[in-house]
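Atom set for the values below is all heavy atoms of this structure, side chains included, hydrogens, waters and symmetry mates excluded. This is a predicted model, so every value here is computed, not measured.
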Amino acid sequence: MRAADRILSVLDAFDPGRPKLTMQEISERIELSKATTFRLVNSLVDAGYLVRLEDQRYCLSMKLVKLAGIVASGLSVRDIAHPKMVEIAAQTGETISLNTAVGSDRVCVDVVESSSRMMHIVTLGEHAPLLYGATGKVLLAHLPDEIQASIVKSLPRSASTTQLELKSELKEIRASGYALTLSERVQGSLAISVAIYDINDRGQFALTITGPESRMKGHKDEYLALMLQAQRDISSKMGSGRFSVVQAK
């Protein structure tokens, strides 16, 4: 396992900002000696996953593109997220849903229901406005600026918050990657939603835990930690580099 972790750490050392690295730069990024790095890099070159360039730098090979194509053709966000959703639902007893934005609405694309009779019901395919609730706000916060601005402008004058306040809240959510709301869309419910990032580090999905405020409020810190860990796990499997920590020790 240690050897596998080290091999993978070399591949993780490359990113869009640094697609070509010297041996020294790889060594520094994975925090291993140059001798160990030399052996790992040569193994990857021999296996066809790295290419040694004329200037003695290294880059990822097209072999990884082939593997990525296989993954893209057979794996969806639901395939990746569902096992984690089942795990969190079993730990908490609450409803877990996976959502995405469609127009000015958020749509539920997968759900694992609560095991309790007293539950917040989320149905597959359910639509709800992006302007309200933790799920909607997480998705709205990660939309392109011009689309987000257009949706924010549709906020009714009768809303409990102003457009300026909503913009400020969305900015905080985009920075933190999560939202927590109490009785906002459904009276008496508590929701914690985290952004799920894709290979381009775009928060195109939201993973949400929802349940009665009376049952969840004493566990909100614990549940937030669970959701943030799920965010890291699922986003990394989606190809996001947002949470990658290059360390092979």
Side-chain angles (χ1 to χ4, degrees), residues 1-88 90-91 98 142 174-178 194-207 221-249:
M1 287 299 297
R2 187 182 183 192
D5 287 343
R6 287 180 167 184
I7 285 286
L8 293 173
S9 74
V10 173
L11 298 178
D12 280 341
F14 296 86
D15 59 43
R18 300 294 299 274
K20 300 175 183 179
L21 298 170
T22 65
M23 185 73 72
Q24 181 63 38
E25 288 170 333
I26 296 172
S27 175
E28 291 172 354
R29 287 196 142 198
I30 67 175
E31 299 181 9
L32 288 174
S33 69
K34 196 167 183 180
T36 300
T37 303
F38 180 81
R39 291 194 296 272
L40 295 171
V41 168
N42 279 342
S43 294
L44 285 167
V45 170
D46 292 342
Y49 292 100
L50 288 183
V51 175
R52 184 184 295 110
L53 304 172
E54 289 185 356
D55 61 3
Q56 301 307 305
R57 290 189 296 171
Y58 296 84
C59 69
L60 301 175
S61 78
M62 296 300 289
K63 190 171 184 178
L64 291 167
V65 176
K66 178 183 177 181
L67 295 176
I70 295 171
V71 171
S73 66
L75 192 64
S76 71
V77 63
R78 281 180 289 184
D79 293 323
I80 296 171
H82 192 78
K84 181 59 70 172
M85 294 169 66
V86 171
E87 179 184 320
I88 296 173
Q91 286 182 262
L98 180 67
H142 289 83
R174 188 181 182 97
S176 67
Y178 75 90
V194 297
I196 300 298
Y197 301 92
D198 63 14
I199 195 170
N200 297 307
D201 288 340
R202 295 175 300 189
Q204 292 195 319
F205 300 93
L207 187 71
D221 291 340
E222 172 192 348
Y223 291 174
L224 175 59
L226 279 176
M227 296 298 287
L228 290 174
Q229 183 59 55
Q231 178 188 60
R232 291 189 287 271
D233 292 347
I234 298 170
S235 296
S236 295
K237 290 176 182 176
M238 288 285 290
S240 171
R242 186 180 177 97
F243 305 103
S244 63
V245 178
V246 179
Q247 188 173 6
K249 292 182 178 180

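- Considering every non-hydrogen atom in both Pro19 and Cys59, the closest pair reads O-CB, 3.4 Å.
- Rounding to the nearest 0.5 Å gives a distance of 6.5 Å between CG of Leu11 and CG of Leu60.
- Legend: residues meeting side-chain hydrogen bond (donor to acceptor under 3.5 Å, both in side chains) with Asp201, ordered by chain and number and at least two apart, are Ser240.
- Residue Ile199 qualifies as open at atom CD1: its count of foreign heavy atoms under 6.0 Å is 12 or below.
- Note that CD1 of Ile26 and CZ of Arg57 are 11.0 Å apart. Values are rounded to the nearest 0.5 Å.
- The list of salt bridge (charged side-chain N to carboxylate O under 4.0 Å, His left out) pairs with a residue in residues 34-53, not counting sequence neighbours, is empty.
- Looking at Val51 and Val45, their side chains never come closer than 4.5 Å, going by heavy atoms from C-beta outward.
- Distance OH/Tyr223 to CD/Gln91: 9.5 Å, rounded to 0.5 Å.
- Using a 4.5 Å heavy-atom cutoff, the side chains of Arg6 and Ile30 are not in contact.
- With hydrogens and angles ignored, the 3.5 Å screen pairs a side-chain donor or acceptor of Arg29 with a backbone N or O of Ala13.
- Going from atom CZ of Arg174 over to atom NE2 of His142 covers 5.5 Å, rounded to the nearest 0.5 Å.
- Between the CG atom in Leu40 and the CD1 atom in Ile7 there is a gap of 5.0 Å [rounded to 0.5 Å].
- With hydrogens and angles disregarded, no donor-acceptor distance shorter than 3.5 Å links the side chain of Gln56 to the backbone of Thr22.
- At distances below 3.5 Å, not a single donor-acceptor pair connects side-chain atoms of Ser27 with backbone N or O atoms of Thr37.
- Looking at Lys63, its side chain never comes within 3.5 Å of a backbone N or O of Leu50 through a donor-acceptor pair.
- Atom CG in Asp233 sits 11.5 Å away from atom CD1 in Ile80 (nearest 0.5 Å).
- Within the 4.5 Å cutoff, the side chain of Met238 has heavy atoms near those of the Phe205 side chain.
- The closest donor-acceptor contact from the side chain of Asp15 to the backbone of Gly17 lies under 3.5 Å.
- A donor-acceptor pair under 3.5 Å is absent between the side-chain atoms of Gln231 and the main chain of Ile196, judged by distance alone.
- Contact between Phe14 and Tyr58 at its shortest, heavy atoms only, is CE2-O, 3.1 Å.
- Leu226 and Ile88 make their closest contact through O-CD1, 4.4 Å (heavy atoms, listed as atom of the first residue, atom of the second, distance).
- Checked for salt-bridge contact, Arg242 and Asp198 miss the test: no charged N lies under 4.0 Å from a carboxylate O.
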